[in-house]
Q: 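Here it is, the structure, as structure tokens.
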Amino acid sequence: MLLQSLIGAASLVGAALAQDHIATAGLVQNNATDAPTRLRYDNGTYGPEVEEVHYYYDQWPIGIAVASDGRIFTTYTRGSDRYTLGVVVNKTAEAPYPNLALNLPVDQLNTTWNGIAFGSGNASAFISVQAVYVTSKTSTRPETLWVLDTGRPTVHNAQGDPSMPYAQPGGPKLIAISLTNDTIYQTFTFPSTVHYPDSYLNDLRFDLRANVTGTSGKGIAYLVDSSNEGRPGFIMLDLGTGESWRRLTQDPSVLRGPNDLPVYQGHPGYYRAKGMPASWQQEGLDGIQLSTDGMRMYYSPLSQKYLYSIPSANLRERDTNELAEIHAHANVSNHGQRGGDANGFEGDSNGFVYQLMPTHNAVFYFNPADGQTHSFVRDPRIVWPDGGSIGADGYLYLNINQLPYQPDWNNGVDLRQHPGAILRCKLPGNGTKVTSLYA
Ligand SMILES: *[C@@H]1O[C@H](CO)[C@@H](O)[C@H](O)[C@H]1NC(C)=O
Ligand SMILES: *[C@@H]1O[C@H](CO)[C@@H](O)[C@H](O)[C@H]1NC(C)=O
Ligand SMILES: *[C@@H]1O[C@H](CO)[C@@H](O)[C@H](O)[C@H]1NC(C)=O
Ligand SMILES: *[C@@H]1O[C@H](CO)[C@@H](O)[C@H](O)[C@H]1NC(C)=O
Ligand SMILES: *[C@@H]1O[C@H](CO)[C@@H](O)[C@H](O)[C@H]1NC(C)=O
Ligand SMILES: *[C@@H]1O[C@H](CO)[C@@H](O)[C@H](O)[C@H]1NC(C)=O
Ligand SMILES: *[C@@H]1O[C@H](CO)[C@@H](O)[C@H](O)[C@H]1NC(C)=O
Ligand SMILES: *[C@@H]1O[C@H](CO)[C@@H](O)[C@H](O)[C@H]1NC(C)=O
Ligand SMILES: *[C@@H]1O[C@H](CO)[C@@H](O)[C@H](O)[C@H]1NC(C)=O
């Protein structure tokens, strides 16, 4: 009885809130005398049809980005994988993109200095790519695949215990590849005062309009530092000058939730790295999405239930403004709980902020017009949605990688089963890729 008044059903912009009620999609009841049960039950499914686009039979994927010509790019954090950035070539295979030679060989991914492990500092090779993002053609740039290399591979000792070496300048970088000629045309690296040795570059968004305040006019990148070691925050990069700076470092809104215990497929999921006591997920800031007018950044840590936002102007403030951090903190909005942990975000032309919900095998979206979180799609095949990307075709593409079953979270035991997958589903309200930020 109580629940009926609490949760809004899916509704598009401007729906009458007073008429909202709890959604019943996915509930099944069969009164036939020979039915297995007369009880109403949850079949685990709602929303638009979920199509199986691609199967991963080799490396397990992380990030995904779809280009206007339909090409799908994927990332694989290393490790032991032969290559870290790929392109889908057919239903069951991917190939290194733009070529294999750019990938640093596995035995050169890390190094040791005075007994401390560091990732490679090679700025002209791929080390471990976490995320990719496609921006549309502008008056000064071709359609571009932006590649975010963490410079921090996961390595294993002789006993198979995982660890992540610190970053050294040159390793963590943002690379621009023209999708017209498939060639790298820009590379940005970070000083160790902006990208700390224990930072981890996790996601990226762009505003390429010439009139964005506080920039050189050549565009700005907003990057996620999700640092498991505890100093997460935003890193901004001026694409004209190469200057970078941080904002909201260790703000409560970017920190991991304390001892958050997620539930996967109905099972409580502690973080169990081989060689360490059982623990909790340590990741901070994870999902980000810029509003369609570029004015507001939505975000949340992986292991909190809250959705936050901040005026993007506060992120663009430089350290030369003595009050930049205090004003940024004071301008954070808390939109309340969304009903679970979320990792990757995406956004569409309706202004909806999609949030991938690994604990619900679902994708929800936040509608800024009514301030509520809504159901979008749920399916038992969505076993850890890791990255989402909206194509020019109006579909949301999802990477499915069974992440909680990987050995590094699971006492060294690999419980994943091939294939991984790319799924897609049609967006509501004719939503499509946001292009308003790429004039
Ligand atoms: C789940 O139940 C809904 C009815 O609420 C139905 O429309 C849908 O087709 C069902 N899905 C599956 C996979 O059976
Ligand atoms: C099953 O019976 C209930 C109670 O009479 C009814 O509300 C429901 O609509 C019926 N379901 C189907 C699928 O006929
Ligand atoms: C897919 O591409 C791979 C690699 O090029 C190739 O080995 C395989 O035969 C292709 N499969 C199909 C069904 O075309
Ligand atoms: C960086 O890696 C590339 C590709 O493996 C290699 O050609 C180049 O020599 C490396 N640079 C340095 C400074 O080690
Ligand atoms: C890279 O890390 C692994 C695991 O700790 C270690 O065995 C190896 O010696 C390291 N490589 C270098 C060159 O330091
Ligand atoms: C590829 O495109 C970029 C961006 O337009 C340009 O800067 C670069 O010169 C081109 N490279 C080649 C090899 O054509
Ligand atoms: C929000 O940020 C603006 C711009 O930096 C600043 O002027 C304003 O004082 C901030 N708001 C608060 C409550 O600090
Ligand atoms: C979506 O597009 C179709 C075809 O152009 C149109 O008929 C329909 O009204 C649109 N729906 C919404 C919600 O805008
Ligand atoms: C900035 O430029 C875009 C197009 O490039 C335009 O739509 C927008 O209105 C401009 N904003 C301001 C504040 O001038």
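Counting starts at 1 for both ligands and their atoms, in listed order. Bear in mind the structure is a predicted one, so any value in this text is a computation, not a measurement. Position 1 is the first residue of the sequence; numbering continues from there.
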Q: Considering both backbone and side-chain atoms of Leu27, is one of its nitrogen or oxygen atoms within less than 3.5 Å of a nitrogen or oxygen in ligand 1?
A: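 Leu27 vs ligand 1: N/O contact under 3.5 Å present.
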Q: Going by side chain to side chain donor-acceptor pair (under 3.5 Å), name the pairs with one or both residues in residues 429-439, residues two or more places apart or in two chains.
A: none
Q: Within the structure, does Ala25 bring an N/O atom to less than 3.5 angstrom of an N/O atom in ligand 1?
A: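 No; the residue has no nitrogen or oxygen that sits under 3.5 Å from a nitrogen or oxygen of the ligand.
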Q: Under a 3.5 Å distance rule, please check whether Gln59 uses its side chain to pair with a backbone N or O of Tyr83 as donor and acceptor.
A: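 Side chain of Gln59 to backbone of Tyr83, a donor-acceptor pair under 3.5 Å: yes, one is there.
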Q: State which residues pass ring pair (Phe, Tyr, Trp, His ring centres under 6.0 Å) with Tyr222; sequence neighbours excluded, sorted by chain then number.
A: none
Q: Looking at Arg152, Arg78, Lys173, Gln108, which hits side chain to side chain contact (heavy atoms under 4.5 Å, CB included) with Ile127?
A: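 Between Ile127 and the candidates, side chain to side chain contact (heavy atoms under 4.5 Å, CB included) is satisfied uniquely by Lys173.
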Q: Determine, for Arg378 against Asp42, whether the closest basic-nitrogen to carboxylate-oxygen distance falls under 4.0 angstrom.
A: yes
Q: Do Thr24 and ligand 1 have an N or O pair less than 3.5 Å apart?
A: no
Q: Tell me yes or no: between the side chains of Tyr200 and Asn228, is some donor less than 3.5 Å from an acceptor?
A: no
Q: How would you list, by chain and number, every residue that makes a side chain to side chain donor-acceptor pair (under 3.5 Å) with Asp414, sequence neighbours excluded?
A: Arg416
Q: List, pair by pair, the atoms of ligand 3 and of the protein that are both N or O and lie under 3.5 Å apart, giving the separation rounded to 0.1 Å.
A:
{"residue": "ligand 3", "atom": "2 (O)", "partner": "Asn90", "partner atom": "ND2", "Å": "2.3"}
{"residue": "ligand 3", "atom": "11 (N)", "partner": "Asn90", "partner atom": "ND2", "Å": "2.9"}
{"residue": "ligand 3", "atom": "14 (O)", "partner": "Asn90", "partner atom": "ND2", "Å": "3.3"}

